[in-house]
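Read the structure below first, then the notes.
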Amino acid sequence: MSEKNVETLQYRFDGPEQAPVLVMGPSLGATWHMWDRQVPELAQQWRVFRFDLPGHGGAPARPAGSVAELTVRLLATLDGLGVQRFGYAGCALGGAVGIELALRHPERLASLALIAASPRFGTADEFRQRGVIVRTNGLDPIARTSPDRWFTGGFAAAQPAITEWAVQMVRTTDPGCYIASCEALAAFDVRSELGRVGVPTLVLVGSDDQVTGPAEARTLVAGIPDARLAVVPGASHLVPVEQPAAVTDLLVRHFDTAWQPAHDSTTGQTAVPAVAAAPVQPALAAVPPQAAPIAEIAPAVVPPQPQGRPDPYDAGLKVRREVLGDAHVDQALTGADEFSGDFQEFLTRYAWGEVWDRPGLDRRTRSCVTLTALVAGGHLDELASHTRAALRNGLTPDEIKEVLLQTAVYCGVPAANSAFRVAQQVIREETTPQE
């Protein structure tokens with residue numbers, strides 16, 4: 001993606017123009033106003049930069065389907081403003097952007113704060129299911145239940161104005177952008193990479209957070225080499241709103257003390273404190289460099305590279321999980337034994353790695369074709385799982401209905417009648433919001 005074609009983000013600045021920049025990233029469903037009560041104090045010594053996610057807070061509805069894409073858009077926005085180095089504090093999805101910055105663009109970060117964050121947010125199935133509900137019912141069911149996820153019960157009861165603000169903030173978000181953000185969180189998993197986060201990191205979490213709570217925070221602290229944990233009592237997921245003074249104090253202390261020296265763009269190096277040289281071991285010092293046998297410095301033997309196409313199994317497993325869901329695939333693979341294991345491998349490699357992963361048709365179209373074929377063959381058990389897959393691939397219940405009506409003409413009314421019963425039950429289960 002060329003820089004000139006990269007979308008930028010809606011933003012605002014607060015604080016002195018010449019002060020170091022502190023970027024603050026919001027949670028899914030929230031706007032930059034979630035940081036309103038931190039800004040007055042932070043802006044006394046930092047140039048505070050806040051941004052909105054696509055489709056949030058009136059920002060242009062240009063969906064970003066991955067954390068990496070959101071990060072690219074953020075950097076393009078900052079580049080356009082001449083901001084090269086900054087501190088970063090992010091909440092939830094905003095925290096995922098912070099981890100992505102630390103992993104892929106460490107030279108840009110001076111220090112990092114991760115709030116209500118996780119190296120993996122729940123399961124991919126949970127977020128794709130949320131996308132199905134929004135696509136079918138709009139954002140109202142998510143908006144009405146957001147206070148339960150974001151705040152403790154006592155806070156929500158005592159602060160009805162803030163609770164209603166939270167509901168309206170979600171309700172006015174663009175549904176397509178919200179769904180894309182759910183997809184971004186579904187695909188985000190950096191558990192194996194945390195050891196490469198090289199900036200001082202504050203991990204901050206509410207003690208009562210039921211979304212990304214203390215357990216997820218401890219996973220971050222255990223994986224990031226230079227990280228410390230702060231648990232804020234009496235707070236849930238949107239801890240900057242629920243306990244603003246405590247969060248502000250923690251952020252000020254962290255960025256005051258952990259701001260790393262600037263990266264030198266002329267040398268490509270970052271200044272680090274001098275470290276005393278380790279004493280040379282006498283036995284090693286006695287061996288002159290030229291004493292090494294020539295054979296030991298001969299070029300390494302390069303192993304032969306495999307010929308032909310790469311094995312499609314891994315790509316197929318990824319697509320299979322994305323379409324059918326982790327729970328379904330785990331059940332199929334776990335249930336495989338010596339007799340059926342080869343068949344499961346065959347399905348993953350050829351059905352999913354060879355066919356479903358081909359670029360010629362998008363997944364919505366492949367779902368339409370698959371539903372039709374299953375109705376024609378009378379495969380009602382498979383029809384149930386692929387109706388769920390069709391919803392995950394972006395088909396609406398009305399579009400699935402149209403596919404089944406088409407099958408009534410070409411596959412027969414009895415077949416379509418049975419298919420409607422199966423699909424109706426699945427759609428009811430998958431699109432009913434959980435209160």
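Between Arg50 and Asp14 there is a salt bridge, with a side-chain nitrogen of the basic residue lying less than 4.0 Å from a carboxylate oxygen of the acidic one. Look at Asp125 and Arg321 and you find no salt bridge, because none of the NZ, NE, NH1 or NH2 atoms lies under 4.0 Å from a carboxylate O. The existence of a salt bridge linking Arg128 and Asp326 is excluded, since no basic side-chain nitrogen approaches an acidic carboxylate oxygen closer than 4.0 Å. Contact check on Arg358 versus Glu354 returns no salt bridge, with no Lys/Arg side-chain nitrogen under 4.0 Å from an Asp/Glu carboxylate oxygen. Residues Arg130 and Glu183 are not paired through a salt bridge, judged by the lack of any N-O separation under 4.0 Å between the basic side chain and the carboxylate. Salt bridge Asp362/Arg364: absent, no basic N to carboxylate O contact under 4.0 Å. The pair Asp249-Arg253 meets the salt-bridge criterion, since a charged nitrogen lies less than 4.0 angstrom from a carboxylate oxygen. For Glu430 and Arg388, the salt-bridge test passes: some basic side-chain N is under 4.0 Å from an acidic carboxylate O. For Glu322 and Arg363, the salt-bridge test passes: some basic side-chain N is under 4.0 Å from an acidic carboxylate O.
With Thr431 as reference, Asn137 is the one residue of Asn137, Ile133, Val134 to meet the side-chain contact (heavy atoms from CB on, under 4.5 Å) rule. For the side-chain contact (heavy atoms from CB on, under 4.5 Å) test with Val203, the passing option among Leu220, Val231, Ile115 is Leu220; the others fail.
Within the 4.5 Å cutoff, no side-chain heavy atoms of Val48 are placed close to those of Arg12. Looking at Val232 and Ser207, their side chains never come closer than 4.5 Å, going by heavy atoms from C-beta outward. Inter-residue side-chain proximity for Thr31 and Pro26 is flagged as unmet; no heavy-atom pair is nearer than 4.5 Å. Taking 4.5 Å as the limit, some side-chain heavy atom of Leu101 sits within range of a side-chain heavy atom of Phe86. The side-chain heavy atoms of Ser236 and Trp150, taken from C-beta on, include no pair separated by under 4.5 Å.
Between the side chains of Arg149 and Thr145, at least one donor N or O sits under 3.5 Å from an acceptor N or O. Counted by atom type alone, His254 and Ser111 present one or more donor-acceptor pairs between their side chains at under 3.5 Å.
Of the inter-residue distances, the one linking Leu204 atom CG with Leu229 atom CG reads 8.0 Å to the nearest 0.5 angstrom.
Listed here is the closest heavy atom pair of Val241 and Arg37: O-NH1, 3.9 Å. Heavy atoms only, all atoms of each residue included: Thr407 and Ala416 are closest at OG1-CB, 3.8 Å. When all heavy atoms of Ala390 and Leu371 are compared, the pair lying nearest together is CB-CD1, 4.1 Å. Considering all non-hydrogen atoms of both residues, Pro141 and Gly138 come closest at CD-O, 3.4 Å. Shown here for Val205 and Thr212, the closest heavy-atom pair between the two residues is CG2-O, 3.4 Å. Ala315 and Asp357 make their closest contact through CB-OD2, 3.8 Å (heavy atoms, listed as atom of the first residue, atom of the second, distance).
Under a 3.5 Å cut-off, the side chain of Tyr178 and the backbone N or O of Val170 do not form any donor-acceptor pair. With hydrogens and angles ignored, the 3.5 Å screen pairs no side-chain donor or acceptor of Asp36 with any backbone N or O of Gln38.
Under the salt bridge (charged side-chain N to carboxylate O under 4.0 Å, His left out) criterion, Asp52 pairs with no residue, sequence neighbours left out.
Ring-plane geometry between Phe49 and Phe13 is classed as perpendicular, the angle between the planes exceeding 60 degrees on a 0 to 90 degree scale with a lower cut at 30. By the 30° and 60° cut-offs, the orientation of the rings of Phe121 relative to Phe127 is perpendicular. In this structure, Phe346 and Phe343 have parallel ring planes: the angle between them is below the 30° cut-off, well short of the 60° mark.
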Inset, instruction - Run the numbers on Arg320 and Gln344 for side chain to side chain contact (heavy atoms under 4.5 Å, CB included), then give the verdict. - result: CA-CA 11 Å; Arg320 190 178 182 185; Gln344 290 298 326; 2.7 Å; yes

Inset, instruction - Determine, stepwise, if the pair Leu28 / Cys182 fulfils side chain to side chain contact (heavy atoms under 4.5 Å, CB included). - result: CA-CA 8 Å; Leu28 171 61; Cys182 288; 4.2 Å; yes

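Other residues, nucleotides and ligands place more than 12 heavy atoms under 6.0 Å from the CD atom of Gln425.
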